[in-house]
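In the text below, chain A, chain B and the rest are named by the order of the sequence lines, each starting its count at 1. Hydrogens, waters and symmetry mates play no part in the numbers below; they use all other heavy atoms, side chains included. Keep in mind that what you see is a predicted model, and the values were worked out from it rather than measured.
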Amino acid sequence: MNITKTLDAKGLACPMPIVKTKKAIDAIKSGEVLEVVVTDKGALNDIPAWAKSGGHTVLEQKTEEDVLYFYIQKA
Amino acid sequence: MSNKVAIIAANGGLFDAYKVFNIATAAAASEKEVQIFFTFDGLNLIHKQAMHALEMPAGKEHLTEGFEKANVPTIPQLVEMAQELGVKFIACQMTMDVMGLTKEDFVDGIEVGGAVTFLEYAKDASPTLTF
């Protein structure tokens, strides 16, 4: 997987991870992949729901020691 | 499916402010058009001075530490972010008149309107939320 951009949103609380993810995705092109790294557990459901609202695809997500990683392909 | 979210902010405490602005910024970040109608104590939320000193509900003061620990953004930060994301703020003219407030008492970029302004916007919004 080719990651175009990484957003480090660790330590931020709702709604900041979503707001920052939105800004980061605005800065990449259609088809490119954004890596989002967060610690807010609300993001576990929020990021996929947000991606759905914009038609983006979550290619992969994983959790490593309380840190969540999402790989979002821009629509 | 409607792409509009309509919010009425009618209360002026710190918890009320978080409910309003978290939902508003999350919706705006999800490509929704968002308008908030501020009325009665809700006007505190966009008042230049009051927004910096919103009160916790009585008996909940001990949560100040929790807010800091959770790294929750401040209300002025959320207000700025909401506006940056295109959320439109409407202050209720009638309440402003009752309270002796003018447009200059509020953050820049707000509009002033009456109930009909909000109703016209909200008629095809989904959801419409009241806090």
Under a 4.5 Å heavy-atom cut-off, does chain B meet the side chain of A:Lys23, its backbone, both or neither? side chain
Whether B:Lys19 engages the ring of B:Phe131 as a cation-pi pair (distance to the six-membered ring centre under 6.0 angstrom, angle to the ring normal within 45°) should be assessed. no
Which atoms of B:Glu84 are under 4.5 Å from chain A, going by heavy atoms: the side chain, the backbone, both sets, or neither? side chain
Aromatic B:Phe15 / basic B:Lys60 pairing, under 6.0 angstrom, 45° off normal: no
Under 4.5 Å from a heavy atom of chain A, the part of B:Ile23 involved: neither
Please identify which of these residues, B:Leu101, B:Thr102, B:Asp108, meets the side-chain contact (heavy atoms from CB on, under 4.5 Å) condition with B:Glu104. B:Thr102
Counting only heavy atoms from other residues, nucleotides and ligands, does the tally under 6.0 Å from NZ of A:Lys29 exceed 12? no
